[in-house]
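Accompanying notes for the structure given below.
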Amino acid sequence: MKIVKDWRSVWRYYSTQALLLLAAAPLIWAEMPQDVRDMVPEGWRPWLLAGMAASGVVGRYISQRPAP
(Lines give C-alpha, C1' and ligand atoms only; values in the text may rest on other atoms or scores of the structure.)
Protein backbone atom coordinates (compact mmCIF):
# COMPACT_ATOMS: atom_id res chain seq x y z
CA MET A 1 0.00 0.00 0.00
CA LYS A 2 1.29 3.45 -0.93
CA ILE A 3 0.21 6.95 -0.03
CA VAL A 4 -0.97 9.04 -2.98
CA LYS A 5 1.48 11.63 -4.28
CA ASP A 6 -0.77 14.58 -3.48
CA TRP A 7 -1.70 13.43 0.03
CA ARG A 8 -1.46 16.99 1.38
CA SER A 9 -4.42 18.07 -0.74
CA VAL A 10 -6.64 15.03 -0.17
CA TRP A 11 -8.92 17.10 2.08
CA ARG A 12 -9.98 19.05 -1.04
CA TYR A 13 -11.43 15.99 -2.78
CA TYR A 14 -15.21 15.84 -2.89
CA SER A 15 -15.01 12.18 -1.94
CA THR A 16 -13.02 12.96 1.20
CA GLN A 17 -15.40 15.72 2.20
CA ALA A 18 -18.44 13.46 1.70
CA LEU A 19 -16.89 10.67 3.74
CA LEU A 20 -15.93 13.10 6.53
CA LEU A 21 -19.55 14.30 6.59
CA LEU A 22 -20.68 10.68 6.77
CA ALA A 23 -18.31 10.06 9.69
CA ALA A 24 -19.53 13.19 11.49
CA ALA A 25 -23.25 12.50 10.88
CA PRO A 26 -23.81 10.42 14.04
CA LEU A 27 -22.09 13.07 16.18
CA ILE A 28 -24.10 15.87 14.60
CA TRP A 29 -27.32 13.84 14.93
CA ALA A 30 -26.71 13.22 18.64
CA GLU A 31 -26.29 16.94 19.31
CA MET A 32 -29.42 18.03 17.43
CA PRO A 33 -32.46 18.98 19.47
CA GLN A 34 -35.17 16.31 19.46
CA ASP A 35 -37.70 18.56 17.68
CA VAL A 36 -35.25 18.98 14.77
CA ARG A 37 -34.62 15.21 14.62
CA ASP A 38 -38.36 14.62 14.53
CA MET A 39 -38.54 16.60 11.26
CA VAL A 40 -36.66 13.82 9.45
CA PRO A 41 -38.93 10.80 8.90
CA GLU A 42 -37.45 7.62 10.37
CA GLY A 43 -37.66 5.79 7.04
CA TRP A 44 -35.47 8.43 5.36
CA ARG A 45 -32.54 8.15 7.74
CA PRO A 46 -30.83 5.11 6.18
CA TRP A 47 -31.34 6.62 2.73
CA LEU A 48 -29.70 9.88 3.78
CA LEU A 49 -26.64 8.02 5.08
CA ALA A 50 -26.51 5.89 1.94
CA GLY A 51 -26.76 9.07 -0.15
CA MET A 52 -23.80 10.59 1.68
CA ALA A 53 -21.76 7.45 1.08
CA ALA A 54 -22.76 7.33 -2.60
CA SER A 55 -21.79 10.99 -3.02
CA GLY A 56 -18.32 10.03 -1.79
CA VAL A 57 -18.04 7.44 -4.55
CA VAL A 58 -19.38 9.83 -7.19
CA GLY A 59 -17.09 12.59 -5.93
CA ARG A 60 -14.11 10.37 -6.58
CA TYR A 61 -14.92 10.32 -10.29
CA ILE A 62 -15.33 14.08 -10.71
CA SER A 63 -12.27 15.96 -11.92
CA GLN A 64 -11.23 18.37 -9.21
CA ARG A 65 -8.33 20.06 -10.90
CA PRO A 66 -8.66 23.80 -11.42
CA ALA A 67 -9.68 24.84 -14.92
CA PRO A 68 -6.78 26.18 -17.01
Side-chain angles (χ1 to χ4, degrees):
M1 187 180 333
K2 287 186 170 184
I3 296 177
V4 293
K5 291 179 184 177
D6 59 346
W7 64 271
R8 289 186 179 110
S9 62
V10 166
W11 64 272
R12 295 181 191 174
Y13 296 165
Y14 299 139
S15 57
T16 302
Q17 294 170 5
L19 294 175
L20 286 172
L21 178 61
L22 182 61
L27 302 172
I28 294 168
W29 186 260
E31 294 300 318
M32 281 185 184
Q34 186 62 43
D35 59 331
V36 175
R37 284 192 257 164
D38 291 340
M39 291 181 193
V40 180
E42 194 170 331
W44 288 20
R45 294 173 193 167
W47 291 102
L48 291 171
L49 292 174
M52 282 188 256
S55 68
V57 172
V58 170
R60 191 67 193 134
Y61 288 98
I62 296 173
S63 175
Q64 296 165 52
R65 293 196 173 119

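Put simply, CG on Leu49 and CH2 on Trp44 are 14.0 Å apart, with the number rounded to the nearest 0.5 Å. Note that CZ of Arg37 is 9.0 Å distant from CD of Glu31, once rounded to the nearest 0.5 Å.
For Asp38, the side-chain hydrogen bond (donor to acceptor under 3.5 Å, both in side chains) partners at least two apart in sequence or on another chain are Gln34. Applying the side-chain contact (heavy atoms from CB on, under 4.5 Å) criterion to Trp47, with sequence neighbours excluded, gives no partner residue. Partners of Ser15 by side-chain contact (heavy atoms from CB on, under 4.5 Å), not counting sequence neighbours, listed by chain and number: Tyr13, Arg60.
Cluster annotation: Trp29 and Leu48 are assigned to the same hydrophobic cluster (Ile/Leu/Val/Met/Phe/Trp/Tyr, side-chain heavy-atom contacts under 4.5 Å, transitive). Hydrophobic clustering, with ILVMFWY side chains joined whenever heavy atoms are under 4.5 angstrom apart, keeps Leu19 apart from Trp11.
Heavy atoms only, all atoms of each residue included: Ala18 and Ser55 are closest at CB-OG, 3.4 Å.
In the hydrophobic clustering (ILVMFWY side chains linked at under 4.5 Å, chained through shared members), Met1 stands by itself. In the hydrophobic clustering, Val57 connects to Tyr61, either directly or through intervening members, whenever side-chain heavy atoms lie under 4.5 Å apart.
Within 6.0 Å of atom CD1 in Ile62, more than 12 heavy atoms from other residues, nucleotides or ligands are found, so the atom counts as buried in its surroundings.
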Return a table of donor-acceptor pairs under 3.5 angstrom between the side chains of residues 20-27 and protein atoms on other chains or two or more places apart.
none

